Amino acid sequence: MIHPLDIIIRKRDGAELTKAEIEQFIAAVVQSGENSEQANVTPAQIAAFLMAVFQRGMSRRELADLTAAMRFSGETFDTSALHTFTVDKHSTGGVGDKTSLLIAPMIAAAGIERTPSISVPMISGRSLGHTGGTLDKLETIPGFNTQLPLNRMTEVLRSTHAVLVGQTPRLVPADRILYGMRDHTGTVESPFLICASIMSKKLAEDLRGLVLDVKIGSGAFMPTYEASKFLAELMVSTGELAGTRTVALLTMMNEPLGRFSGNWLEIWECVDIMQGKRHPMSADLIELSNILSGWMLYFANKVTTPEEGASLANRLLESGVAYQSWLSIVEAQGGDTSVFENPAAFHKPEASRVFRAHRAGFLAGMDCKKVGWAVQRLGAGRNKPGDPVSAHAGLQSHAKIGQKMGEGDPLFTLYGDSEAQLDEATAMLAETVNISDTLPATLPLVHEIVLG
Ligand code: URA
């Protein structure tokens, strides 16, 4: 038995920790969550360990061992009985980023339609800060249950090839403790701790392939391009070392993705697309969803290149089979699919307002993070875990960067629960929208691809 203090001191002094040391420390962390009296590690020591990792970083081997120790710290999903290629995608979070809602049914449709079989066991998160969360969006569908136990998840996967759920209380308990502690110790931003946190939860889904959408630009979680790229490289090497084929795409998040940002609004946009109603403002969302799906289909050996995968994904979307899969998934999870017959009629915000261009010119840019905070202030997001969210609050985008605007043209429609919320969000948007006389450079949606 190695004393936790020795592990902390070794990390503090820059030594490379052994697998046994890391496993022992994480086991003690989990024990502290179950029974703090008997635990071998104190909260102060956990905090010190996190700060030592923050300062010293980790080798790729240490990071893979930390991720594995966290992944196996509680129950894990076992998909071996399904005899299927399990694949998922994860995004570092964005504004209006609803690709999961299109990708899960598209891949499920491909999994049902042709051999080899594919399944998407998608464990998603909730909105926090300026970014949205898949679970909050799904829960606007009456009856939709995101809290399924693992055995029920397996049943849904067997019948529909995709399941969209939240983390169970016993899945990766080490992350819950470490994440909570990071918040209070100034260690949230460590790319090593972010990587272990994200990858331990994704790998606990028992994946054979994983596609990571790492955002860059003003709405990204990481502060710089270099930081996003470094995180992407860490996550790819950690996935590959765990035996999961992993790719990361560095994708642009400098304006809301698609047409709507907000919980029900984003379901509505995806249902429209799956029903074949493609609004021009949704073009970037469709393109990114196809590209990410293309990589998933490529990993699953459905196609010979990711580009061929993107074309197949688009055909599944256009032909309506992805929509049939969507209906099956929603029904299997208890949701009422009748609301998709007229999604616009189900949208019932208390208040709305149009935000207009203050001058003529080209829409040159915006601070996308600020736009995300405006969506949160409208009621669609939360400040802290557990806060309620509004189903109908959010933002409709009427223009994309580079578009020519006349003075007074609509830029956004705001939806909220009160006029006060609209006032606050309007003031935030007024600070961030930039209209200029010159056409801004066109930036590609996918900037770089990081492979193992
Ligand atoms: N998402 C996670 O799950 N963990 C982090 O540390 C950051 C983002």
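Remember, it's 1-based here, ligands and their atoms both numbered in the order they're listed. Here the structure is a predicted model, which is why all the values come from computation and not from measurement.
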(message) Any carboxylate oxygen within less than 4.0 angstrom of a Lys/Arg side-chain nitrogen, looking at K89 and D213?
(response) no

(message) Exactly one of D272, L265, I273 should register a side-chain contact (heavy atoms from CB on, under 4.5 Å) with E269. Which one does?
(response) I273

(request) Check the angle between the aromatic planes of F230 and F192 and answer parallel, tilted or perpendicular using the 30° and 60° thresholds. (result) perpendicular

(message) Using the side-chain contact (heavy atoms from CB on, under 4.5 Å) definition, which of the options T246, V450, I198 pairs with M235?
(response) I198

(message) On a heavy-atom basis, which atom in P121 and which in M153 lie closest, and how many Å separate them?
(response) CB-CE, 4.4 Å

(request) Give me the ring orientation class for H392 and F346: parallel if the planes are under 30° apart, tilted from 30 to 60°, perpendicular past 60°. (result) perpendicular

(request) Would you check ligand 1 and list the protein residues that come within less than 4.0 Å of it by any heavy atom, ordered by chain and number? (result) Y179, R182, I194, S197, I198, K201, F221

